[in-house]
2 protein chains.
Amino acid sequence: MERSGGLSPEQELALLKTRKKVIEAIGNNMDLYGITPSTGHLYGLLFFQNKPMTLDEMRQAMEMSKTSMSTGVRTLVDLKMVNKVWEKGSRKDLYEVEHDWYQTFADFFSIKWRKASEINLHALRKSRFELLSLAEQYAGDEELEQQVQIDLAKIDEAIRYYQWLIRLIETLESQEIFKLVPKDNG
Amino acid sequence: MERSGGLSPEQELALLKTRKKVIEAIGNNMDLYGITPSTGHLYGLLFFQNKPMTLDEMRQAMEMSKTSMSTGVRTLVDLKMVNKVWEKGSRKDLYEVEHDWYQTFADFFSIKWRKASEINLHALRKSRFELLSLAEQYAGDEELEQQVQIDLAKIDEAIRYYQWLIRLIETLESQEIFKLVPKDNG
DNA sequence: CAGTACATACAGTTATTTCTGTACAAAGTA
DNA sequence: TACTTTGTACAGAAATAACTGTATGTACTG
């Protein structure tokens with residue numbers, strides 16, 4: 001953790017203690033983003049850092065291997081929770097958190113949920129096609145048609161749901177969500 | 001998997017094959033809900049079941065222990081993705097999926113994200129109070145006040161974000177979201 | 001009141017994930 | 001070009017999570 005220059009030991013301790021509790025609270029809930037506790041902790045560390053951080057600084061602060069820092073920070077960058085920044089004169093890679101948490105939330109859905117939705121939608125549509133073909137192939141077979149109908153109804157409803165979910169995600173991506181649910185409570 | 005009565009072996013095979021692909025696609029993305037692949041698979045199995053299922057039937061279909069079925073289905077019930085249903089005459093517990101996926105989605109956020117948001121909000125507010133106390137205690141100390149101010153700005157922005165997130169979740173809980181992002185594309 | 005059927009707590013085992021140290025590739029420096 | 005410095009691939013070790021079988025408690029049944 002960054003030393004806060006010019007403070008007395010007690011002051012610094014008090015500040016660090018307060019930060020630590022917030023870092024832990026946030027880190028504990030990071031499983032919702034599908035990241036490990038230690039990567040969550042790394043995120044918390046970066047959150048209170050007031051300047052970009054190198055892998056070696058992270059390693060030192062987290063008391064972990066550089067490899068772990070590398071993989072952890074890569075996960076965070078992939079999720080756009082952390083940004084790689086350039087600073088001339090430094091050969092080391094520098095990272096800092098994305099402080100716009102609304103954006104972080106939107107990006108997370110755009111990256112993870114949208115992808116999953118599209119994969120599922122694809123599988124559902126393919127399955128839908130196969131069921132229709134099957135019904136056609138055995139046209140007239142009462143028993144089969146009934147079974148196909150049951151599955152088809154479920155699949156159609158699922159398709160409808162994913163289409164809605166993707167629309168919801170799109171309102172996040174386009175920032176339109178803030179018109180519907182404003183940032184300021186009013 | 002439920003045998004579909006009255007179908008020829010080829011017909012049944014074709015139907016099961018189609019189902020299987022959907023189950024796998026869905027199950028693979030279930031990590032977004034924080035459940036294991038096997039619990040996700042169990043969910044998929046229940047999805048295509050046309051009647052409530054007992055633990056023993058699940059065990060047989062999944063080729064796993066009854067204990068695993070018990071814990072898996074409990075996870076799904078806790079997330080309200082699966083409902084326990086009663087049927088007179090049966091001493092066994094029966095379970096069926098919640099087929100309203102919009103509801104499932106809303107419940108998931110209400111259960112997991114809301115809880116996490118409230119915990120974090122609490123930690124942030126507590127920290128906010130502590131920082132203000134600290135600044136008061138050392139009133140006049142330029143250096144400290146500046147540091148406190150930096151942390152406080154981050155914390156206030158985070159609080160604002162979580163308040164927004166909770167409002168968003170509330171629009172899901174109240175179904176109001178469907179006024180903002182309608183189920184039917186139009 | 002036994003006796004049976006059922007779900008789950010618990011402890012041990014197996015499987016998976018996370019973490020580390022070493023080795024190496026890429027890019028900068030002299 | 002040789003020499004650093006830096007980030008990451010990889011394989012093995014350590015830690016964690018998932019799965020199973022047995023044991024137990026509870027609630028029906030006769």
Side-chain angles (χ1 to χ4, degrees), chain A residues 23-24 27-46 49 51-79 81-97 112, chain B residues 23-24 27-46 49 51-79 81-97 112:
Chain A
I23 290 175
E24 271 167 19
N28 283 339
N29 300 121
M30 278 295 180
D31 61 310
L32 289 178
Y33 288 86
I35 66 181
T36 64
S38 73
T39 303
H41 194 144
L42 175 60
Y43 177 82
L45 172 70
L46 287 165
Q49 216 61 23
K51 53 173 178 44
M53 217 173 179
T54 68
L55 289 180
D56 284 307
E57 287 166 345
M58 294 177 207
R59 188 190 51 66
Q60 199 169 2
M62 297 277 293
E63 296 181 340
M64 287 178 73
S65 73
K66 198 173 175 182
T67 304
S68 293
M69 296 303 97
S70 178
T71 55
V73 93
R74 173 203 282 263
T75 302
L76 294 170
V77 167
D78 287 347
L79 285 172
M81 298 174 81
V82 162
N83 299 313
K84 198 171 182 172
V85 293
W86 274 270
E87 215 169 71
K88 72 170 179 182
S90 173
R91 279 166 62 185
K92 303 192 183 202
D93 294 352
L94 292 160
Y95 301 92
E96 69 181 356
V97 289
K112 290 271 200 176
Chain B
I23 290 175
E24 272 167 18
N28 283 340
N29 300 121
M30 278 295 180
D31 61 308
L32 289 178
Y33 288 87
I35 66 181
T36 64
S38 72
T39 303
H41 194 146
L42 175 61
Y43 178 81
L45 172 71
L46 287 166
Q49 217 61 25
K51 53 174 178 43
M53 216 174 179
T54 67
L55 289 181
D56 284 305
E57 288 166 345
M58 295 176 207
R59 187 189 52 67
Q60 200 171 358
M62 297 277 292
E63 295 181 340
M64 287 179 73
S65 72
K66 199 173 174 180
T67 303
S68 293
M69 297 302 97
S70 177
T71 55
V73 93
R74 175 205 282 264
T75 303
L76 294 170
V77 168
D78 287 347
L79 285 172
M81 299 174 81
V82 162
N83 299 312
K84 198 172 183 171
V85 293
W86 274 270
E87 215 168 71
K88 73 172 178 183
S90 172
R91 278 167 64 185
K92 305 192 182 199
D93 293 351
L94 292 159
Y95 300 92
E96 67 181 357
V97 289
K112 290 271 200 177

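Scope of the values below: all heavy atoms of this structure, side chains included, with no hydrogens, waters or symmetry mates. Every chain is numbered from 1 and lettered A, B, ... according to where its sequence line falls, protein lines coming before strand lines. All values derive from a computational prediction rather than experimental measurement.
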Taking [atom1] from [X] and [atom2] from [N], how many angstroms apart are they, rounded to a whole number?
X      : N       : atom1 : atom2 : value
L76(A) : dG7(D)  : CG    : C1'   : 16 Å
I35(B) : dA18(D) : CD1   : C1'   : 14 Å
K92(A) : dT6(D)  : NZ    : P     : 4 Å
H41(B) : dA18(D) : NE2   : C1'   : 16 Å
D31(A) : dT16(D) : CG    : C1'   : 14 Å
R59(B) : dA18(D) : CZ    : P     : 22 Å
E57(A) : dG7(D)  : CD    : C1'   : 15 Å
K66(A) : dT6(D)  : NZ    : P     : 6 Å

Which part of the nucleic acid does S38(A) contact within heavy-atom distance under 4.0 Å: base, sugar-phosphate only, or nothing? sugar-phosphate
Categorize T36(A) for me: base, sugar-phosphate, or nothing, with a 4.0 angstrom heavy-atom threshold over every strand shown. sugar-phosphate
A side-chain contact here means heavy atoms from C-beta on lying under 4.5 Å apart; do H41(B) and I23(B) qualify?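 Of all side-chain heavy-atom pairs linking I23(B) with H41(B), at least one is under 4.5 Å.
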Any side-chain heavy-atom pair of L94(A) and T54(A) under 4.5 Å: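 Counting from C-beta outward, L94(A) and T54(A) do come under 4.5 Å.
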Note the angle between the end axes of the helix from dC1(C)-dG30(D) to dA30(C)-dT1(D), five pairs defining each, rounded to 10 degrees.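 Here the helix ends are tilted 20° relative to one another.
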How long is the span from the CG atom in L76(A) to the CE atom in M69(A), to the nearest 0.5 Å? 10.0 Å
Please determine whether side-chain contact (heavy atoms from CB on, under 4.5 Å) holds for the pair L42(B) and M64(B), giving the CA-CA distance in whole Å, both sets of side-chain angles, and the decisive distance to 0.1 Å. CA-CA 10 Å; L42(B) 175 61; M64(B) 287 179 73; over 6 Å; no
Note: chain A reaches DNA chain C at heavy-atom distances under 4.0 Å over the stretch, first to last nt, 5' to 3', of dT18(C) to dT29(C)
Does the pair M58(A) and L46(A) meet the rule for a side-chain contact (heavy atoms from CB on, under 4.5 Å), with working shown? CA-CA 8 Å; M58(A) 294 177 207; L46(A) 287 165; 4.2 Å; yes
Exam field: side chain T75(A) to backbone T71(A), donor-acceptor pair closer than 3.5 Å: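 Judged by distance alone, yes, a pair lies under 3.5 Å.
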Between M62(A) and S38(A) the two heavy atoms that sit nearest each other are CE-O, 3.5 Å
Between E87(B) and P52(B) the two heavy atoms that sit nearest each other are OE2-CG, 4.3 Å
Show your working on side-chain contact (heavy atoms from CB on, under 4.5 Å) between E96(A) and Q49(A) and close with a plain yes or no. CA-CA 8 Å; E96(A) 69 181 356; Q49(A) 216 61 23; over 6 Å; no
Walk me through whether K66(B) and D56(B) qualify under side-chain contact (heavy atoms from CB on, under 4.5 Å). CA-CA 7 Å; K66(B) 199 173 174 180; D56(B) 284 305; 3.4 Å; yes
Report, as a single string ordered 5' to 3', how protein heavy atoms within less than 4.0 Å touch nucleotides 21-30 of chain D: B base, S sugar-phosphate only, - not at all. BB----BBS-
Test Y43(B) against every option in L79(B), V73(B), V82(B) by the side chain to side chain contact (heavy atoms under 4.5 Å, CB included) rule and name the one that passes.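 Per the side chain to side chain contact (heavy atoms under 4.5 Å, CB included) rule, the option paired with Y43(B) is V82(B), out of L79(B), V73(B), V82(B).
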